[in-house]
Protein chains: 2
Amino acid sequence: MDQLRETLKVHQLRTTTCREDVLSTFINKKNALSHGDLEGALGENYDRVTIYRTLKTFLEKGIIHKVLDDEGLRYALCSHSCSEEKHQHDHIHFKCNICGKTNCLENQLIPEIALPQGYKPENFNLLIQGTCPSCNN
Amino acid sequence: MDQLRETLKVHQLRTTTCREDVLSTFINKKNALSHGDLEGALGENYDRVTIYRTLKTFLEKGIIHKVLDDEGLRYALCSHSCSEEKHQHDHIHFKCNICGKTNCLENQLIPEIALPQGYKPENFNLLIQGTCPSCNN
DNA sequence: ATACTAAATACAATGATGTTGCAAAAATAA
DNA sequence: TTATTTTTGCAACATCATTGTATTTAGTAT
């Protein structure tokens, strides 16, 4: 896929098979992935450490962002153009308690929230847990 | 403190010095604590494993709840009476990027949020990162 | 108070997770 | 193609978390 190489190039990263595979895994799976998920998917082909470093690089370059859920840390693609300088994420994350998948709801923005005097908010991270449409039958 | 024994009793837990110490640490420190924090505070007196199991028990009994931030998992006291059957937390968590402390803003409730068709929300977890009043000068 | 029973703890062992340094390999530039 | 820089794999290490079991302790009955 030229799409992958293009994305890497935009973020000034050399194209390597590991980076292409990690990126395409994110694109295909759609939901948020932990290091362990990626190791499960690609561990035969790449060293654990390389996957860690790939995630770290993607994070710094603004290709992926952190997603927190009660099980720990996961990562998901940044849909809007994030860069090394600025990550901007005001969308909601939803974790399904049935299938266990965590997704970005790109169109659901976190509403304005009034904080007590003295608090200066900079980043927002909202996780909603419940049942997703696929499991809600 | 009789207060501690009382809390443990309400949740049908035997009073042990470890549980009393963990509980009083939560009460004194006020902010959310990780296992590592507790190990730092009480590690001389109790085995790491015991602290893990104490946290797990408190979590199950509804004495503490999980607090997520970008560094990982922490725990904070449940202010309103949670129980083994039901945890209910609709308040905001605030992490200060300067002092690194994470706190519950018990009075700041998470506003109603409209989700797309099919999503059935059950739990909300909102973390706001920024600067807290103590560090905001 | 003492003995009994169930629960909690300490310790050891193991597994999972994440990091660092360095030599070998691969990707870009010349 | 060769030179230069980046990336990868490997080994070692450090941290974090879990499990099993024998011992100890808390609560209860005697």
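Protein chains get the first letters and strands the later ones, always in sequence-line order, with residue 1 at the start of each. Just the heavy atoms: all of them, side chains too, but no hydrogens, waters or symmetry mates, feed the values below.
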Apply salt bridge (Lys or Arg N to Asp or Glu O under 4.0 Å) to Glu71(B) and list each qualifying residue two or more places apart in sequence or on a separate chain.
-> Arg74(B), Lys95(B)
Summary of protein contacts for nucleotides 17-30 of chain C, nucleotide by nucleotide, where a base hit scores B, a sugar-phosphate-only hit scores S (4.0 Å, heavy atoms) = SBBBB-----BS--
Going through the distances and angles, do Leu33(B) and Lys29(B) end up as a side chain to side chain contact (heavy atoms under 4.5 Å, CB included)?
-> CA-CA 8 Å; Leu33(B) 303 173; Lys29(B) 298 258 181 171; 4.1 Å; yes
Hydrophobic side-chain clustering at under 4.5 Å (ILVMFWY, transitive links): who's grouped with [X]? Put none if nobody.
X        : value
Val10(A) : none
Tyr52(B) : none
Phe94(B) : Ile92(A), Phe94(A), Leu105(A), Ile110(A), Ile113(A), Leu115(A), Tyr119(A), Phe124(A), Leu126(A), Ile128(A), Ile92(B), Leu105(B), Ile110(B), Ile113(B), Leu115(B), Tyr119(B), Phe124(B), Leu126(B), Ile128(B)

Quick one: side chain to side chain contact (heavy atoms under 4.5 Å, CB included) partners of [X], sequence neighbours excluded?
X         : answer
Ile98(B)  : Cys96(B), Thr131(B), Cys135(B)
Lys61(B)  : His11(B), Gln12(B), Leu13(B), Thr57(B), Ile63(B), Glu84(B)
Ser24(B)  : Leu4(B), Asn28(B)
Asn123(A) : Gln129(B)

What do you reckon, is CD of Glu122(B) surrounded by more than 12 foreign heavy atoms closer than 6.0 Å?
->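 Counting other residues, nucleotides and ligands, CD of Glu122(B) exceeds 12 neighbours.
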Answer yes if the side chains of Tyr46(B) and Thr54(B) hold a donor-acceptor pair under 3.5 Å, and no otherwise.
->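 No, no side-chain donor-acceptor contact under 3.5 Å.
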Are a donor atom and an acceptor atom from the side chains of Thr102(A) and Asp69(A) found within less than 3.5 Å of each other?
->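 Thr102(A) vs Asp69(A): donor-acceptor pair found between side chains.
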From the 5' end of DNA chain D to its 3' end, which nucleotides mark the outer limits of contact with chain A, defined by a 4.0 Å heavy-atom distance cut-off (strictly under)?
->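 On DNA chain D, the outermost contacted nucleotides are dT5(D) to dA11(D).
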Could you check if a side-chain atom of Lys66(A) sits within less than 4.5 angstrom of a side-chain atom of Tyr75(A), using non-hydrogen atoms only?
-> yes
If an axis is fit to five pairs at each end of the helix from dA1(C)-dT30(D) to dA30(C)-dT1(D), what is the angle between the two, to the nearest 10°?
->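 The angle separating the two end axes equals 30°.
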Please work out which residues in residues 65-72 of chain B have a non-hydrogen atom less than 4.0 Å from an atom of DNA chain D and list them by number.
->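 The stretch gives none, as no residue of it lies under 4.0 Å from the strand.
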Whole-Å gap separating P (dA7(C)) and CZ (Arg19(B)) | 11 Å
Distance, rounded to the nearest Å, where Tyr46(B) contributes OH and dC11(C) contributes C1' = 17 Å
